[in-house]
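Working notes, structure below.
Please read these numbers as outputs of a predicted model, since none were measured by experiment. All values below were derived from every heavy atom in this structure, side-chain atoms included, with hydrogens, water molecules and symmetry-related copies excluded.
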Amino acid sequence: MLMNLKIITPLEVFNIENVSKIKAEGLEGYFTILPHHSDYVSAITTSVFSFVAGGKTEYFAVDGGILVKYGNNVEFSIRHAIKGRNLDDLKQEMETSFKQMDDEDKKMKASLASLEGNIAKLIQELGNN
C-alpha cells in the first residue's frame, strides 16, 4: 500500500499518488514517513522536503506549515511551495523567493499598521465633533 500526498497552498493544490517515502523537517528535526507509518501530525519548518513516487525523488521548498498523516494519506498545508528538480538550485530559489515574500509581508504589515493608525485618528476626530 503506497501513500497519497496532497500539498495545499493558498494558490494551488498538488496531488501526488503512489508515494513510497516522504522526508520533511519539523520542529523536532528531520523525519521520514513510510506507507505503514502510524498516523502523525507535525509543524513543518521552512525547508526542502522530498518524496519518492514511481521510483523518482522529487523536491519542494516549503515555507512553514502543517503535515498530517492519516491512513495512507499525507497532507501538507503550507503558505508557499516551490517545486524543483535540482536540490541545489531549489535551495537557492527558496532563499531568494522566501526572502522576497518576507520583505513584501513586512511592507504590507507596515502599511496596514499605518492605515489602522489613520483610521483610529479619523474615528477620534469624528468623536470630537
Side-chain angles (χ1 to χ4, degrees):
M1 171 174 74
L2 297 175
M3 299 176 288
N4 298 310
L5 174 61
K6 183 183 280 189
I7 302 165
I8 304 164
T9 74
L11 299 177
E12 55 191 322
V13 176
F14 302 91
N15 287 300
I16 301 107
E17 296 181 352
N18 301 317
V19 175
S20 60
K21 180 180 179 181
I22 297 170
K23 185 172 183 178
E25 183 178 4
L27 298 176
E28 66 282 355
Y30 278 97
F31 60 91
T32 301
I33 295 178
L34 300 171
H36 296 289
H37 194 284
S38 61
D39 290 352
Y40 186 73
V41 175
S42 179
I44 302 301
T45 62
T46 299
S47 59
V48 174
F49 87 90
S50 64
F51 63 90
V52 178
K56 180 180 169 191
T57 302
E58 297 198 38
Y59 302 93
F60 272 86
V62 296
D63 188 18
I66 299 291
L67 174 141
V68 178
K69 195 263 186 212
Y70 59 97
N72 66 335
N73 298 299
V74 178
E75 294 185 3
F76 274 100
S77 178
I78 298 170
R79 292 187 325 161
H80 307 289
I82 302 169
K83 187 175 181 180
R85 299 191 191 286
N86 179 299
L87 187 55
D88 292 329
D89 291 344
L90 183 59
K91 285 182 181 180
Q92 180 63 37
E93 185 177 347
M94 177 180 82
E95 290 173 8
T96 303
S97 295
F98 292 167
K99 182 182 181 323
Q100 181 181 0
M101 286 182 228
D102 286 343
D103 291 345
E104 290 172 2
D105 284 348
K106 287 177 187 175
K107 288 177 186 175
M108 182 182 67
K109 287 177 183 177
S111 295
L112 285 173
S114 175
L115 181 61
E116 289 171 352
N118 290 337
I119 290 171
K121 285 178 189 175
L122 287 171
I123 291 173
Q124 185 178 19
E125 289 175 7
L126 287 173
N128 292 334
N129 291 332

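Note: Phe31 and Tyr40 meet the aromatic proximity criterion, with ring centroids under 6.0 Å apart.
Side-chain contact between Asn4 and Asn15 is absent, with no heavy atoms from C-beta onward closer than 4.5 Å. You'll find the side chain of Glu75 reaches within 4.5 Å of the side chain of Ile8, heavy atoms only. Contact check for Val19 versus Leu2: no side-chain heavy atoms found under the 4.5 Å cut-off. A 4.5 Å side-chain heavy-atom check between Val52 and Ser50 finds every atom pair outside the cut-off.
Remark: side-chain polar atoms of Lys121 are not paired, donor with acceptor, to backbone N or O of Ile123 under 3.5 angstrom. At distances below 3.5 Å, not a single donor-acceptor pair connects side-chain atoms of Thr45 with backbone N or O atoms of Ser47. Not a single donor-acceptor pair under 3.5 Å links the side chain of Asp63 to the backbone N or O of Ile78. Checked by atom type and distance alone, the side chain of Lys69 never pairs as donor or acceptor with a backbone atom of Ile33 at under 3.5 Å.
Here the closest heavy-atom approach between residue Ser20 and residue Pro35 is recorded as O-CD, 3.2 Å. Of all the heavy atoms in Gly26 and Ser42, the pair that sits closest is CA-OG, 3.8 Å.
Within the model, atoms CG of Asn73 and CD of Glu17 stand 10.0 Å from one another, a figure rounded to the nearest 0.5 Å. If you take CG on Leu5 and CD on Glu58, they are separated by 10.0 Å, rounding to the nearest 0.5 Å. Here the CD1-OG distance, from Ile7 to Ser77, works out to 11.5 Å after rounding to the nearest 0.5 Å.
Taking the six-membered ring for Trp and thresholds of 30 and 60 degrees, Phe60 and Phe49 have nearly parallel ring planes, at less than 30 degrees apart.
Hydrophobic clustering (ILVMFWY, side-chain heavy atoms < 4.5 Å, transitive): Tyr70 and Val41 are in one cluster.
Scored by the side chain to side chain contact (heavy atoms under 4.5 Å, CB included) test, Thr32 finds Lys21, Lys23, Leu34 as partners (sequence neighbours excluded).
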